[in-house]
Amino acid sequence: MEDQLLGIKNAAMSLILDSKDQKELEEVMLQFLGRSGQLTLALKELPKLPIEKRAEVGTLANDVKKTVEEAIDRKRAELSHQKVEEKKAKIDITNPGILPPLGHLHLITQAIAEISEIFAQIGFTRVRYPEVEWDWYAFEALNFPDNHPARDDWETFFIKTEPNPKKGPMILTPHTSSGQIREMERKQKPPIRMLNIAKCYRRQSDVSHTPMFHQFEGLVVDEGISITHLKGTLDYFAKSYFGENRRTRIRPYQFQFTEPSFEVDVTCGVCNGKARLPSLRSGVSGQGCRLCKEGWLEMGGAGMVHPNVLKAGGIDPEKYTGFAFGWGVERVLMMKEGIEIDDLRLLYSNKIDFLEQF
Ligand code: DAH
């Protein structure tokens with residue numbers, strides 16, 4: 001029996017050594033260790049041995065089995081390593097490489113990063129407040145009367161839930177101005193220098209409106225804040241974002257949460273605020289600018305924070321004053337030279353061939 005086992009071992013080892021590929025090796029394995037393999041059958045004979053020999057032969061049989069199994073494992077690893085090496089040898093390194101497709105940030109995400117950076121330079125802290133909001137923050141605390149048109153469901157999306165006893169119905173925030181009150185609550189006390197950039201929602205959808213869009217809202221509250229601080233901030237933003245030669249102007253307007261309120265215009269980048277296109281001879285031609293009305297483009301709203309709003313945010317309007325502004329990210333982006341998108345809805349359509357262009 002011992003001789004038989006040693007014979008099996010020698011035969012197995014030499015066949016394993018000679019196997020040229022995985023398939024041959026698997027065959028050798030079956031031949032010795034399979035259900036009716038030579039070694040398996042020999043092991044089955046063990047119980048038939050006289051009892052005094054069984055232990056000794058049993059140990060030998062186990063050794064043989066272990067040696068054969070280990071040899072198979074080693075050979076298997078060697079063969080697979082060989083295969084990788086062969087494959088490597090076949091790669092033609094002079095072939096030009098294939099570039100993996102590389103994504104990039106969405107156009108609006110890029111704009112948000114740029115706007116945040118501009119305001120960070122003058123000490124505005126970037127915050128982001130809820131998109132699902134209570135009426136209190138979006139309207140009531142901002143001095144909106146009950147019957148204001150923005151509050152009805154033609155303009156605003158309402159969430160079907162029980163109204164909060166103190167904060168009213170739940171809505172999708174229609175503007176980032178809701179962040180004004182939230183920031184006053186968070187900081188408790190001026191100075192406040194906030195930049196809230198978030199998604200807003202309104203019931204609108206056409207070439208220049210999407211139901212979801214982005215606004216950036218600035219709020220500054222401190223002692224002695226005046227319109228000059230607002231105007232300086234507007235000019236700084238227009239120059240940083242649109243270009244050094246741009247100027248801003250403010251026109252009287254009406255918003256519930258600011259008094260006085262303004263619309264902010266920035267000089268047109270095409271005619272440079274002249275309303276007429278430059279001609280080769282005289283510098284100013286008779287041709288009107290296609291892009292703007294009289295040299296100016298409308299950027300958005302701004303104003304001095306209404307005392308009622310400061311009060312609603314827990315701030316003493318006798319001691320503190322503030323200014324605020326709120327503009328559309330999509331809108332200022334479209335006002336940047338060189339960007340022309342015929343239908344704003346394309347921005348959110350997931351059309352890769354469109355988005356790849358920016
Ligand atoms: N929330 C206004 C809107 O969505 C924009 C706005 C106007 C924001 C004046 C302000 C502001 O902070 O002072 O139309």
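Numbering of ligands and ligand atoms starts at 1, following listing order. As a basis for the values below, the full set of heavy atoms in this structure was taken, side chains included, without hydrogen atoms, waters or symmetry mates.
Every residue meeting the side-chain hydrogen bond (donor to acceptor under 3.5 Å, both in side chains) condition with Asn308, not counting sequence neighbours, appears here in chain and number order: Asn143. Partners of Phe262 by ring pair (Phe, Tyr, Trp, His ring centres under 6.0 Å), not counting sequence neighbours: none found. Asp92 is linked by a side-chain hydrogen bond (donor to acceptor under 3.5 Å, both in side chains) to Thr94, counting only residues two or more places apart in sequence or in another chain.
A salt bridge links Lys88 with Glu85: the closest approach of a Lys/Arg side-chain nitrogen to an acidic carboxylate oxygen falls below 4.0 angstrom.
For Asn95, the CG atom is densely surrounded, since the number of other residues' heavy atoms within 6.0 Å is greater than 12.
A distance limit of 4.0 angstrom between heavy atoms and ligand 1 selects the residues His175, Ser177, Gln180, Arg202, Gln215, Glu217, Phe255, Phe257, Thr258, Gly301, Ala302, Gly303, Ala324, Phe325, Gly326.
Classification of the Phe144-Phe139 ring pair by plane angle, with boundaries at 30° and 60°, yields perpendicular.
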